[in-house]
Amino acid sequence: MMEAQQDGTGDAERVRAFGDELVAVHDWFRAELARLRTGEPLSGELRAHCVTFCERLSFHHSGEDRVAFPHLEERFPELKAALDRLRAEHVVVAGLVERLANAGTRDELDRLSAELEAHFDYEEKQLVPVLNSLDGVPWEVRR
């Protein structure tokens, strides 16, 4: 993700592109999923890569659930249904990640990939226009 410059001059540019940043994060996850899916059965280096991927995905979703979504819901009450759906999908994805971690099968990886693709597509459709319309983020911008 882009970082604001220390003097704050990057904040306006960062905020204008916040929805685009979300897409960039999702694109990274998509590329990593594609990489995982083209590898050999989940063992060795690929299994370690899978664990790292799953940890980052969990961090991303927990941040949305704890920080971004409550603020967006407060500012944009009309997003409540979409945000509730996204939260529910986070629970489903977490279950699939756990199943993948325990089973490590290609079928589990394929299920997770399909669920994430649908989740990312829906989230982008619902949130990118809203995020890109903000003149400031309602949560703290890390520097």
> If hydrophobic clusters are built from ILVMFWY residues whose side chains come within less than 4.5 Å, do Y122 and L127 share one?
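The answer is yes; both residues are in one hydrophobic cluster.
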
> Hydrophobic clusters here meaning ILVMFWY residues chained together by side-chain heavy-atom distances under 4.5 Å, can you tell me if L112 and V25 are in one?
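Per the 4.5 Å side-chain linkage, L112 and V25 are co-clustered.
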
> According to a 4.5 Å side-chain heavy-atom criterion applied to Ile, Leu, Val, Met, Phe, Trp and Tyr, with indirect links allowed, do L57 and V92 form part of one hydrophobic cluster?
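In one cluster with L57: V92, yes.
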
> Can you confirm whether R111 sits close enough to R99 that some side-chain heavy atom of one is under 4.5 Å from a side-chain heavy atom of the other?
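Yes, at least one pair of side-chain atoms sits under 4.5 Å.
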
> Checking side chain to side chain contact (heavy atoms under 4.5 Å, CB included) for the pair E117/F29: CA distance, chi angles, key distance, verdict?
CA-CA 9 Å; E117 282 295 335; F29 282 120; over 6 Å; no

> Are any non-hydrogen side-chain atoms of D20 and L131 less than 4.5 angstrom apart?
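SC-SC contact between D20 and L131 ruled out.
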
> Return the minimal non-hydrogen interatomic distance between F120 and R30, and the atom names on each side.
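Looking at all heavy atoms of both residues, the shortest contact is CB-NH2, 3.2 Å.
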
> Nearest 0.5 Å, please: how far is CD in E108 from OG in S113?
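Rounded to the nearest 0.5 Å, the OG-CD separation comes out at 11.0 Å.
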
> How about H26 and H119: does a side-chain donor come under 3.5 Å of a side-chain acceptor?
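Note: H26 and H119 side chains miss the donor-acceptor criterion.
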
> So does D84 pair up with K80, basic N to acidic O under 4.0 Å?
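Salt bridge between D84 and K80, a charged N being under 4.0 Å from a carboxylate O: yes.
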
> Would you say the ring centers of H71 and F76 fall short of 6.0 Å from each other?
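Not close enough - the centres of the two rings lie 6.0 Å or further apart.
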
> Can you check whether C54's main-chain N or O pairs, donor with acceptor, with S58's side chain at less than 3.5 Å?
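The answer is no, because no donor-acceptor pair under 3.5 Å joins these two groups.
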
> Kindly indicate whether the side chain of L86, heavy atoms from C-beta on, has any atom under 4.5 Å from the side chain of D65.
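In short, these two side chains do not touch, never coming nearer than 4.5 Å.
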
> Go through E123 and E89 one step at a time and tell me if the side chain to side chain contact (heavy atoms under 4.5 Å, CB included) criterion holds.
CA-CA 10 Å; E123 184 170 43; E89 289 175 1; over 6 Å; no

> Are the side chains of L79 and E73 in contact, using a 4.5 Å heavy-atom criterion?
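No, every pair of side-chain atoms sits at 4.5 Å or beyond.
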
> Given side chain to side chain donor-acceptor pair (under 3.5 Å), test H60 with E64 step by step and report yes or no.
CA-CA 6 Å; H60 172 72; E64 288 177 337; 3.1 Å; yes

> Between atom CZ of R37 and atom CG of L109, what is the distance when rounded to the nearest 0.5 Å?
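The CZ atom of R37 sits 6.0 Å away from the CG atom of L109.
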
> Which heavy-atom pair separates V128 from G19 by the least distance, and what is that distance?
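V128 and G19 have their closest heavy atoms at CG2-O, 3.5 Å.
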
> Kindly compute the distance separating CD (E74) from CG (L72), expressed to the nearest 0.5 Å.
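Between E74 CD and L72 CG, I get 10.0 Å after rounding to 0.5 Å.
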
> For a quick test of reading the model, state the closest non-hydrogen atom pair linking P70 to R87 and the distance between them.
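Minimum heavy-atom contact is N-NH2, 3.8 Å.
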
> Taking C-beta and beyond as the side chain, do R66 and H61 meet within less than 4.5 Å on heavy atoms?
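A side-chain contact is absent here, since even the closest heavy-atom pair is not under 4.5 Å.
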
> Do F18 and V130 make a side-chain contact, defined as non-hydrogen atoms from C-beta onward lying under 4.5 Å apart?
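When only atoms from C-beta onward are counted, V130 and F18 do not touch, as no gap falls below 4.5 Å.
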
> Does any part of the side chain of R35, heavy atoms only, come nearer than 4.5 Å to the side chain of F53, both counted from C-beta?
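No; the side chains remain at least 4.5 Å from each other.
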
